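In what follows, every chain begins at residue 1, and chains take the letters A, B, ... in the order their sequences are listed. Owing to the predicted nature of the structure, the values given are computational and were not obtained by experimental measurement.
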Protein chains: 2
Amino acid sequence: MRIGELSKRTGVATRMLRYYEEQGLISPRRSHNGYRDYDDYLVDRVQKIRGLIDSGIPTRIIGNILPCLGKPQVIVVEDADPELREILAEERDRMTEKIRFLTHNRDAIDSYLDALDQAMTGSRAQAS
Amino acid sequence: MRIGELSKRTGVATRMLRYYEEQGLISPRRSHNGYRDYDDYLVDRVQKIRGLIDSGIPTRIIGNILPCLGKPQVIVVEDADPELREILAEERDRMTEKIRFLTHNRDAIDSYLDALDQAMTGSRAQAS
DNA sequence: ATTGACCCTCACATTAATGAAAAGGTTGAT
DNA sequence: ATCAACCTTTTCATTAATGTGAGGGTCAAT
């Protein structure tokens, strides 16, 4: 498919799709005319990329993470770059930290909201 | 304490401490000479700010979140700004989404690492 | 009173992720 | 063959979070 359709299907602006390509995250083929030609599986990948970016993972790191996600892992396992393993393990740990942190603070916000709601129970009020 | 010490204690660059101030996230007193003078409790707050920023929450939003974190919540409950409640609820939901996503992908990376390790079990190898 | 380690403000530079517009080629339907 | 809709590349702009340096006070110790 071409960039416009991929954009519609993923909700990611064409500008960004080109940007991800520039960052080496996706490499669509080109048709005779020069138009980018995307495979179907890239819909999925682009959505993953978006999610990772929205989670605060920089593109530079996403490049390393992508090969691990939802693929027949046996294929890639052979490389076993000594450094890459380290990078991945570190990133995993960073993510775990982030998760811990986010969970903690999300819960704090949540109970604050509960407190708010309870505080105005006197005035017969709403829910989340 | 002065900015240098706060920086050392939190691991956050002085430049950033001034930036957070500019963004209205902290408001240290000034001593006679004009030096910023930070209370002890700000060590904690600064660390929270860092964590939130590292989690991809923009400072603009952190300002709203801060009052909910680890404080005697009764104090703030009175305001009950109708819009603020919405903002907070939305942010909480965004955070929940982020947590879900991060967890999912962290697990993917993790099992990829497991696969890597198993793949080189033949060559007598390491752990995470 | 000078030195060194702090602090101040101001301001310009940089990086990542985007937005946006200019100038032009491709395609498909009429 | 022309028009609209889509594609291309290039370039410049913007925002958030930072780095960095200039130019200059403060202060404690020597």
Checking [X] side chain against [Y] main chain: does a donor-acceptor pair fall under 3.5 Å?
| X | Y | answer |
| --- | --- | --- |
| B/Asn33 | B/Tyr35 | yes |
| B/Arg94 | B/Ile57 | no |
| A/Ser7 | A/Ile3 | no |

With a 4.0 Å cutoff (strictly under), does any side-chain N or O of [X] reach OP1 or OP2 of [N]?
| X | N | answer |
| --- | --- | --- |
| B/Arg18 | C/dC8 | yes |
| A/Thr59 | C/dA17 | yes |
| B/Asn33 | C/dC8 | no |
| A/Arg50 | C/dT18 | yes |
| B/Arg30 | C/dT9 | yes |

What is the separation between atom [atom1] on [X] and atom [atom2] on [N], rounded to the nearest whole Å?
| X | N | atom1 | atom2 | answer |
| --- | --- | --- | --- | --- |
| A/Ile3 | C/dT27 | CD1 | C1' | 17 Å |
| B/Glu5 | C/dA5 | CD | P | 18 Å |
| A/Leu52 | C/dA17 | CG | C1' | 15 Å |
| A/Met16 | C/dA20 | CE | C1' | 11 Å |
| B/Tyr35 | C/dT9 | OH | C1' | 13 Å |
| A/Arg60 | C/dA17 | CZ | C1' | 13 Å |
| A/Ile61 | C/dA17 | CD1 | C1' | 15 Å |
| A/Leu17 | C/dA17 | CG | P | 14 Å |

**Positional range of nucleotides in DNA chain D within the contact set of chain A, heavy-atom, under 4.0 Å** =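 The contact span of chain A on DNA chain D goes from D/dC6 to D/dT9.
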Answer yes or no: is there an ion pair linking B/Lys8 with B/Glu5, defined by an N-O contact shorter than 4.0 Å?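 Looking at B/Glu5 together with B/Lys8, the answer is no, because their closest N to O distance does not fall below 4.0 Å.
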By the 4.0 Å heavy-atom rule, please label A/Arg36 as base, sugar-phosphate, or nothing.
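Answer is sugar-phosphate: A/Arg36 comes under 4.0 Å of backbone atoms only.
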Report which part of the nucleic acid B/Arg2 touches: base, sugar-phosphate, or nothing (heavy-atom distance under 4.0 Å, all strands).
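Sugar-phosphate contact only - B/Arg2 comes under 4.0 Å of backbone atoms but never of a base.
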Quiz prompt | Worked check of side-chain hydrogen bond (donor to acceptor under 3.5 Å, both in side chains) between B/Tyr20 and B/Arg50 | solution = CA-CA 10 Å; B/Tyr20 300 156; B/Arg50 271 269 30 115; 2.6 Å; yes
- prompt: Between A/Asp39, A/Leu42, A/Val43, which is the residue that forms a side-chain contact (heavy atoms from CB on, under 4.5 Å) with A/Met1?
  reply: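 For A/Met1, the side-chain contact (heavy atoms from CB on, under 4.5 Å) test succeeds with only one of A/Asp39, A/Leu42, A/Val43, which is A/Val43.
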